[in-house]
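Proteins come first, then strands; the chains are lettered A, B, ... in the order of their sequence lines, and each starts at number 1.
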Protein chains: 2
Amino acid sequence: MDIKSTEKEVNLLHERICSALGDPTRILILYLLSERGMYVNEISEALKLPQSSASRHLRVLRERNLVATERQGTAILYTLQDRRIIEALNLMRAILSQQLQEAAEITGAIQKINS
Amino acid sequence: MDIKSTEKEVNLLHERICSALGDPTRILILYLLSERGMYVNEISEALKLPQSSASRHLRVLRERNLVATERQGTAILYTLQDRRIIEALNLMRAILSQQLQEAAEITGAIQKINS
DNA sequence: TCCTTATATGTGGATAAGCGCATATATAAT
DNA sequence: ATTATATATGCGCTTATCCACATATAAGGA
């Protein structure tokens with residue numbers, strides 16, 4: 001039951017996307033960009049981040065080809081490279097909301113027992 | 001263009017799934033489990049991991065409700081909690097394979113120019 | 001050219017993640 | 001009770017990540 005080395009390489013690449021998603025701020029950025037392209041300062045204001053932090057997070061996303069950039073004068077517009085990343089995030093959101101619902105049901109059941 | 005605090009909380013939870021996916025070994029484990037339930041030692045052998053590493057990775061996945069456990073005698077069977085996580089991973093894989101394809105086309109074009 | 005705006009990066013410090021070794025715990029069998 | 005098997009955890013170490021401050025770069029306008 002071994003994993004082939006080629007498959008391992010794909011999964012290593014795979015990990016490049018996943019670890020980019022491993023930071024909550026970057027998830028928020030992706031959701032922001034899913035609505036419209038934005039400039040660095042817009043993002044840093046929306047998320048109340050120091051400009052340098054926003055820039056660095058965006059760099060990670062760009063290095064992993066999750067966002068694209070386009071210079072417009074002195075500003076740089078960041079946009080989603082591939083909207084399917086939002087689909088992937090929404091799938092996780094669906095899993096989460098089900099977990100939360102189940103947790104609430106358990107909490108409710110416990111409260112019933114205790115009352 | 002502010003993010004509501006409730007939304008922020010959801011995204012924090014969200015991050016719990018994503019950061020679990022942020023490790024290549026855990027991605028491999030999830031793919032293994034997508035085929036069938038497995039015991040810790042099976043996983044550690046398949047991935048050539050020390051038993052303690054496999055156990056720790058599985059704990060992370062369990063704490064985030066991505067896998068479920070069931071004791072069977074002295075062994076513990078790990079299974080996927082929600083197959084949609086594999087859908088999410090496959091979406092990322094699709095994004096990746098497109099990126100790789102585009103990269104190959106660029107490489108090919110450069111080789112043509114240079115020849 | 002000098003100044004302003006927008007973005008990127010160098011740096012240091014704090015925190016977390018991952019690893020392997022050794023050891024502890026839990027179940028089952030003799 | 002002792003032993004064997006399967007899994008989990010304590011520990012120290014190394015490495016990676018994130019942050020915020022200050023500074024650098026890049027483009028545009030006066």
Side-chain angles (χ1 to χ4, degrees), chain A residues 1 3 8 11-30 32-33 36-79 81, chain B residues 1 3 8 11-30 32-33 36-79 81:
Chain A
M1 184 40 120
I3 298 277
K8 237 176 194 165
N11 283 315
L12 270 173
L13 283 167
H14 211 141
E15 182 265 344
R16 285 178 55 77
I17 291 188
C18 293
S19 68
L21 302 181
D23 182 286
T25 304
R26 288 196 286 270
I27 295 175
L28 287 171
I29 291 175
L30 290 173
L32 277 180
L33 294 181
R36 62 178 176 86
M38 292 179 81
Y39 302 107
V40 180
N41 62 7
E42 291 184 293
I43 291 169
S44 84
E45 283 169 24
L47 300 180
K48 298 188 181 32
L49 288 175
Q51 177 268 328
S52 65
S53 291
S55 177
R56 252 182 245 280
H57 281 304
L58 285 165
R59 180 163 78 153
V60 173
L61 293 172
R62 193 166 76 91
E63 282 172 350
R64 287 159 166 76
N65 293 312
L66 296 179
V67 301
T69 57
E70 181 192 341
R71 183 171 274 280
Q72 292 187 355
T74 86
I76 295 183
L77 185 69
Y78 278 82
T79 53
Q81 177 81 254
Chain B
M1 183 45 117
I3 297 279
K8 237 176 195 166
N11 283 314
L12 269 172
L13 282 167
H14 210 143
E15 182 266 345
R16 284 178 56 78
I17 291 187
C18 293
S19 68
L21 302 181
D23 182 286
T25 304
R26 288 197 287 269
I27 295 175
L28 288 170
I29 290 175
L30 289 174
L32 277 179
L33 294 181
R36 62 178 176 87
M38 292 178 81
Y39 302 106
V40 180
N41 62 7
E42 291 183 293
I43 290 169
S44 84
E45 283 170 25
L47 299 181
K48 299 187 179 32
L49 289 175
Q51 178 267 327
S52 64
S53 291
S55 177
R56 256 182 241 281
H57 281 302
L58 286 164
R59 180 163 78 152
V60 172
L61 293 172
R62 193 164 74 91
E63 282 172 350
R64 288 161 166 76
N65 293 312
L66 296 179
V67 301
T69 57
E70 181 192 341
R71 183 171 274 280
Q72 292 188 353
T74 86
I76 294 183
L77 185 69
Y78 279 82
T79 53
Q81 178 81 254

A.B. asks: Donor-acceptor pairs are to be reported for all side-chain atoms of residues 69-76 of chain A against protein atoms at under 3.5 Å, with residues two or more places apart or in another chain.
C.D. replies:
| from | atom 1 | to | atom 2 | distance (Å) |
| --- | --- | --- | --- | --- |
| A/Arg71 | NH1 | A/Gly73 | O | 3.1 |
| A/Gln72 | OE1 | A/Tyr39 | OH | 2.5 |

A.B. asks: If you compare all heavy atoms of B/Gly37 against all heavy atoms of B/Leu77, which two are closest, and at what distance to 0.1 Å?
C.D. replies: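 So the two residues come closest at C-CD1, 3.5 Å.
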A.B. asks: Once each nucleotide of nucleotides 16-30 of chain D is scored for protein heavy atoms under 4.0 Å, what B/S/- sequence comes out, 5' to 3'?
C.D. replies: --SSBBB----BS--
A.B. asks: Angle, rounded to 10°, between the helical axes spanning five pairs at each terminus of the helix from C/dT1-D/dA30 to C/dT30-D/dA1?
C.D. replies: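 Both end axes considered, the difference amounts to 10°.
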A.B. asks: With rounding to the nearest 0.5 angstrom, report the SG to CD1 distance, B/Cys18 to A/Ile17.
C.D. replies: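 B/Cys18 SG to A/Ile17 CD1: 11.5 Å, rounded to 0.5 Å.
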A.B. asks: Taking all atoms of both residues into account, what is the closest heavy-atom pair of A/Ser19 and A/Arg64, and its distance?
C.D. replies: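 It is OG-NH2, 3.5 Å.
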A.B. asks: Where does the chain B footprint on DNA chain C start and end, counting 5' to 3' with a 4.0 Å heavy-atom cut-off?
C.D. replies: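 Counting from the 5' end, contacts occupy C/dG18 to C/dA28.
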A.B. asks: Which pair of non-hydrogen atoms, one from B/Leu33 and one from B/Thr79, has the smallest distance, and what is that distance?
C.D. replies: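 Heavy atoms only, the tightest pair is CD1-C, 4.5 Å.
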A.B. asks: Please state whether the phosphate of D/dT5, meaning OP1 or OP2, lies under 4.0 angstrom from any side-chain nitrogen or oxygen of B/Asn41.
C.D. replies: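 Checking D/dT5 against B/Asn41, no side-chain N or O comes under 4.0 Å of OP1 or OP2.
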A.B. asks: With sequence neighbours left out, what residues match B/Thr25 under side chain to side chain donor-acceptor pair (under 3.5 Å)?
C.D. replies: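 Side chain to side chain donor-acceptor pair (under 3.5 Å) list for B/Thr25, sorted by chain: B/Asp23.
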A.B. asks: Closest approach of B/Met38 and B/Leu32, non-hydrogen atoms and distance?
C.D. replies: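 For B/Met38 versus B/Leu32, the nearest heavy atoms are SD-CB, 3.9 Å.
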A.B. asks: Does A/Arg26 have any side chain to side chain donor-acceptor pair (under 3.5 Å) partners at least two apart in sequence or in another chain, and if so, which?
C.D. replies: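 Once residues adjacent in sequence are excluded, the partners of A/Arg26 under the side chain to side chain donor-acceptor pair (under 3.5 Å) criterion are A/His57.
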A.B. asks: If I take atom CG from residue A/Leu30 and atom CG from residue A/Leu66, how far apart are they, to the nearest 0.5 angstrom?
C.D. replies: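 The CG atom of A/Leu30 sits 6.5 Å away from the CG atom of A/Leu66.
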A.B. asks: A side-chain contact here means heavy atoms from C-beta on lying under 4.5 Å apart; do B/Leu21 and A/Leu21 qualify?
C.D. replies: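 Answer no - side chains too far apart.
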